[in-house]
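All ligand and atom numbering here is 1-based and tracks the order in the structure.
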Amino acid sequence: MERGYRKAMLALGIESSCDETAAALVRDDRTILADCILSQFEEHRAYGGVVPEIAARAHLDHVDRLIEAALSQAQVSLEQVDLIAATGGPGLIGGVIVGVTTGKALALAAGKPFLAVNHLEGHALSARLAPGLDFPYLLLLVSGGHCQLLSVEGVGRYHRLGATIDDAAGEAFDKVAKLMGLGYPGGPAVEKAAKAGDAARFALPRPLKGRPGCDFSFSGLKNAVRLAWTALDAPTDQDRADLAAAFQTAVAESMADRVKNALTLFQSRHPGPTRLVLAGGVAANQALRTRLSALAEQRGALLIAPPMKLCTDNAAMIAWAGLERWRIDPTPDALDFAPRPRWPLDPAATKLPGAGVKA
Ligand code: KG4
Ligand code: ZN
């Protein structure tokens with residue numbers, strides 16, 4: 001063997017904290033050998049949102065098959081895996097239990113180290129799967145269960161600058177879509193409807209805009225949409241499109257205002273280049289991206305929007321976060337690790353309602 005040569009470590013990642021069952025194989029040289037994912041849209045569509053019991057049952061039905069598919073796609077056997085990382089929380093507890101139990105069983109059977117990864121840490125570090133993103137950076141995590149701004153200072157070093165005080169951004173999109181009969185998942189449906197809409201027709205609030213701090217709020221906006229919607233008799237497709245556009249614009253403006261404050265705070269603490277990284281399903285929203293990219297440019301920051309496959313829930317980010325943790329501390333988690341429905345990334349952050357639930 002050549003001097004200095006080190007065999008790359010290979011991690012198996014398992015994700016099951018919400019409505020995606022996923023398994024991935026990732027090497028610590030950033031190669032994704034397999035990234036298998038199964039979304040449960042059909043199972044939950046009739047209910048307009050994720051039903052925890054149905055999600056847990058579906059994870060149980062599919063997790064083994066997904067792991068087999070990932071191993072076969074990567075053309076490796078379990079013996080060649082160096083580390084098994086499963087999402088240990090936060091999330092819907094039934095699903096987390098399925099992933100954690102599967103990970104532990106495989107680790108025990110194959111004699112491999114097991115790591116329980118914080119799902120939020122997976123999101124926080126996923127952009128580093130592309131080369132060149134060094135610490136620190138500012139992360140905007142906007143998904144169905146989370147809405148947070150984090151200063152990511154190193155592996156295991158996360159400082160929460162703000163979070164939602166009520167609904168998560170994706171949750172607001174989903175509820176507004178349900179209200180207007182736009183289907184599930186709501187975000188893409190609202191974005192599609194908004195394309196044909198006139199955002200100026202409805203005057204909606206911009207929650208917390210102009211206020212100090214980096215927290216978010218969406219429930220007042222959601223209620224304003226409800227009032228506008230119920231005031232329409234026999235709403236037409238055009239009404240729907242206009243209200244969707246007005247809502248989306250209000251979310252983007254309010255969010256950009258919060259991110260502006262976070263950038264000011266981040267830049268005062270970290271001189272040097274500023275990177276603003278997006279994560280979570282809502283990061284797919286084009287109106288939001290356009291608004292944030294204008295803001296980043298004004299502030300001399302670089303906006304980094306990883307490919308959507310890495311922004312939404314996936315297992316590659318869990319495998320990668322496991323590898324990042326292992327690099328700085330190669331200590332496995334005990335096999336009696338208890339899945340955690342709540343697991344804030346920054347325990348020092350003030351406790352807010354909505355913090356630490358599913359991401
Ligand atoms: O990160 P993610 O895939 O799963 C978790 O919530 O954990 O995010 C899903 C959320 C859903 O609420 C969905 O409606 C929202 O992201 N979303 C969007 C868009 N695509 C997905 N929201 C706004 N615009 C979109 N294009
Ligand atoms: Zn997530």
Side-chain angles (χ1 to χ4, degrees), residues 13-22 35 37-41 44-45 47-50 52 55 59 87-92 95-96 99 117-127 139-148 150 164 167-180 182-195 197 216 218 221-222 244-245 247-252 254-255 278-292 305-318 320-321 341 343 345 354-359:
I14 303 170
E15 160 60 34
S16 58
S17 65
C18 189
D19 58 345
E20 264 94 22
T21 320
D35 186 9
I37 183 152
L38 189 77
S39 294
Q40 306 172 1
F41 294 143
H44 304 290
R45 195 181 300 279
Y47 307 93
V50 180
H59 289 305
T87 296
L92 301 175
V96 179
V117 168
N118 184 316
H119 178 86
L120 300 174
E121 186 167 41
H123 277 303
L125 300 177
S126 64
L139 180 86
L140 173 65
L141 168 58
V142 275
S143 71
H146 268 275
C147 190
Q148 315 198 336
L150 290 163
T164 183
D167 292 346
E171 193 181 353
F173 270 97
D174 292 337
K175 288 178 177 167
V176 160
K178 190 175 178 183
L179 171 77
M180 297 198 288
L182 281 170
Y184 171 81
V190 169
E191 181 164 25
K192 190 162 168 237
K195 285 202 166 65
F216 301 84
F218 297 103
L221 171 61
K222 186 186 65 190
F247 166 73
Q248 181 174 267
T249 303
V251 171
S254 144
M255 224 180 246
L278 301 183
V282 183
N285 190 280
Q286 211 46 59
L288 180 65
R289 283 188 183 212
T290 307
R291 191 71 193 72
L292 291 177
M308 271 328 288
K309 213 168 177 237
L310 288 179
C311 276
T312 53
D313 285 353
N314 65 86
M317 72 179 190
I318 302 303
W320 175 250
W343 189 355
L345 255 195
V357 288
K358 80 183 172 80

Is the closest side-chain heavy-atom distance between [X] and [Y] below 4.5 Å?
{"X": "Met255", "Y": "Leu292", "value": "no"}
{"X": "Glu121", "Y": "Leu345", "value": "yes"}
{"X": "Leu120", "Y": "Gln148", "value": "yes"}
{"X": "Gln40", "Y": "Thr21", "value": "yes"}
{"X": "Ser39", "Y": "Asp19", "value": "no"}

Output all residues satisfying side chain to side chain contact (heavy atoms under 4.5 Å, CB included) with Ala189, sequence neighbours left out; order by chain, then residue number.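 If we apply the side chain to side chain contact (heavy atoms under 4.5 Å, CB included) test to Ala189, skipping adjacent residues, the hits are Leu182.
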[X]-ligand 1 polar pair, N/O distance under 3.5 Å:
{"X": "Gly170", "answer": "yes"}
{"X": "Gly187", "answer": "yes"}
{"X": "Gly281", "answer": "yes"}
{"X": "Asp313", "answer": "yes"}
{"X": "His119", "answer": "no"}
{"X": "Cys18", "answer": "no"}
{"X": "Glu20", "answer": "no"}

Suppose we only allow N, O or S atoms; which atom of Asp313 ends up nearest to the Zn ion (ligand 2)?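 Result: OD1.
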How open is the angle at the Zn ion (ligand 2) from atom NE2 of His123 over to atom NE2 of His119, rounded to 10 degrees?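 Between NE2 of His123 and NE2 of His119, at the Zn ion (ligand 2), the angle is about 90°.
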Heavy-atom contacts with [X] under 4.0 Å: which atoms of ligand 1 show up? List them by number with element.
{"X": "Asp174", "value": "11 (C), 12 (O), 13 (C), 14 (O)"}
{"X": "Gly145", "value": "6 (O)"}
{"X": "Thr312", "value": "1 (O), 3 (O)"}
{"X": "Gly280", "value": "1 (O)"}

Residue pair Leu288 / Ala252: nearest heavy atoms and the distance that separates them: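 Looking at all heavy atoms of both residues, the closest pair is CD1-CA, 3.9 Å.
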Verify the ring-centre separation between Phe173 and Phe247: is it less than 6.0 angstrom?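 For Phe247 and Phe173, the ring centres are under 6.0 Å apart.
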Angle between ring planes, Phe218 versus Phe216, binned at 30° and 60°: parallel, tilted or perpendicular?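 Phe218 and Phe216: parallel rings.
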